[in-house]
Amino acid sequence: LFESNAFGINDSAVVVGMAHLAADAPFRAVVWRPPGYQFEFLPDKGGRTSSAAYAVAVDGTIAGRVCDDLPASCHPAYWSGGTLHVLDGLGLLDGREGDGNNGFN
């Protein structure tokens with residue numbers, strides 16, 4: 001990896017964040033799973049789009065965002081069962097909720 005950032009970890013020690021392989025490559029959502037913690041890019045929209053993962057739930061659901069190429073508009077998204085789900089609107093999904101963590105750590 002050229003550069004990586006970790007943003008979330010759950011009780012099973014699964015870590016999520018973003019990484020890229022070269023200075024001119026877009027950041028992509030990534031997950032590191034025990035015991036070996038080899039990085040794995042999460043599915044994205046392809047092309048020069050970017051993505052990031054911010055939280056991981058107890059059940060393994062990952063919250064984050066995916067961004068369009070140009071203009072760079074980002075959409076809330078989550079990954080479940082290895083599948084990307086992009087939500088309507090702009091912003092991100094980070095797993096935070098006003099009265100608790102809703103299963104995200």
Side-chain angles (χ1 to χ4, degrees):
L1 294 175
F2 180 79
E3 182 181 355
S4 63
N5 297 286
F7 298 120
I9 185 170
N10 71 6
D11 290 341
S12 298
V14 175
V15 178
V16 296
M18 64 183 189
H20 59 160
L21 298 175
D24 62 344
F27 274 99
R28 293 181 54 202
V30 66
V31 60
W32 294 270
R33 292 185 174 93
Y37 289 99
Q38 294 296 317
F39 76 93
E40 174 188 338
F41 285 117
L42 295 169
D44 60 20
K45 295 172 77 175
R48 298 273 311 160
T49 61
S50 64
S51 57
Y54 295 108
V56 57
V58 174
D59 71 357
T61 301
I62 298 171
R65 71 176 186 194
V66 295
C67 302
D68 298 327
D69 188 9
L70 290 174
S73 55
C74 297
H75 309 279
Y78 70 95
W79 293 263
S80 180
T83 302
L84 169 63
H85 303 271
V86 180
L87 305 176
D88 288 338
L90 300 176
L92 61 92
L93 183 63
D94 65 6
R96 289 185 284 184
E97 186 176 332
D99 62 347
N101 64 14
N102 199 25
F104 288 89
N105 293 322

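All heavy atoms count here, side chains included; hydrogens, waters and symmetry mates do not.
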**Student:** Out of curiosity, N5 CG to Y54 OH, how far, rounded to the nearest 0.5 Å?
**Tutor:** 9.5 Å
**Student:** Is a side-chain donor or acceptor of S51 paired with a backbone partner of R65 at a separation under 3.5 angstrom?
**Tutor:** no
**Student:** So, S73 and D68: side-chain donor and acceptor under 3.5 Å apart, yes or no?
**Tutor:** yes
**Student:** With a 4.5 Å limit on heavy-atom distance, are the side chains of W79 and P43 in contact?
**Tutor:** yes
**Student:** Just wondering, do L42 and R28 contact through their side chains at under 4.5 Å, heavy atoms?
**Tutor:** no
**Student:** Between H20 and F2, what is the ring plane arrangement, given parallel below 30°, perpendicular above 60°, and tilted in between?
**Tutor:** perpendicular
**Student:** A side-chain contact here means heavy atoms from C-beta on lying under 4.5 Å apart; do V14 and V31 qualify?
**Tutor:** yes
**Student:** Nearest heavy-atom pair of V15 and A6: which atoms, and what distance?
**Tutor:** CG1-CB, 3.7 Å
**Student:** Can you see which heavy atom on I62 is nearest to which on A53, and at what distance?
**Tutor:** CG2-CB, 3.5 Å
**Student:** Rounded to the nearest 0.5 Å, what's the gap from OG on S80 to CG on D59? Could you check?
**Tutor:** 6.5 Å
**Student:** Using every non-hydrogen atom in the two residues, find where R48 and P26 come nearest and quote the distance to one decimal.
**Tutor:** NH1-CD, 3.3 Å
**Student:** Heavy-atom distance under 4.5 Å between the side chains of V56 and N10, does that happen here?
**Tutor:** yes
**Student:** Would you confirm whether H75, through its side chain, and G89, through its main-chain N or O, come within 3.5 Å as a donor-acceptor pair?
**Tutor:** yes
**Student:** Quick one: pull up OH in Y78 and OG1 in T83 and give me the separation to the nearest 0.5 Å.
**Tutor:** 9.5 Å
**Student:** What's the spacing between M18 CE and L1 CG if we round to 0.5 Å?
**Tutor:** 12.5 Å
**Student:** Check whether any side-chain heavy atom of L84 sits under 4.5 Å from a side-chain heavy atom of K45, and report yes or no.
**Tutor:** yes
**Student:** Where do S4 and W32 come nearest, in terms of heavy atoms and distance?
**Tutor:** CB-CZ2, 3.9 Å
**Student:** Same cluster or not: are F27 and L90 linked, directly or through other Ile, Leu, Val, Met, Phe, Trp or Tyr residues, by side-chain heavy atoms under 4.5 angstrom apart?
**Tutor:** no
**Student:** So do the side chains of L21 and F39 get within less than 4.5 Å of each other, counting heavy atoms only?
**Tutor:** yes
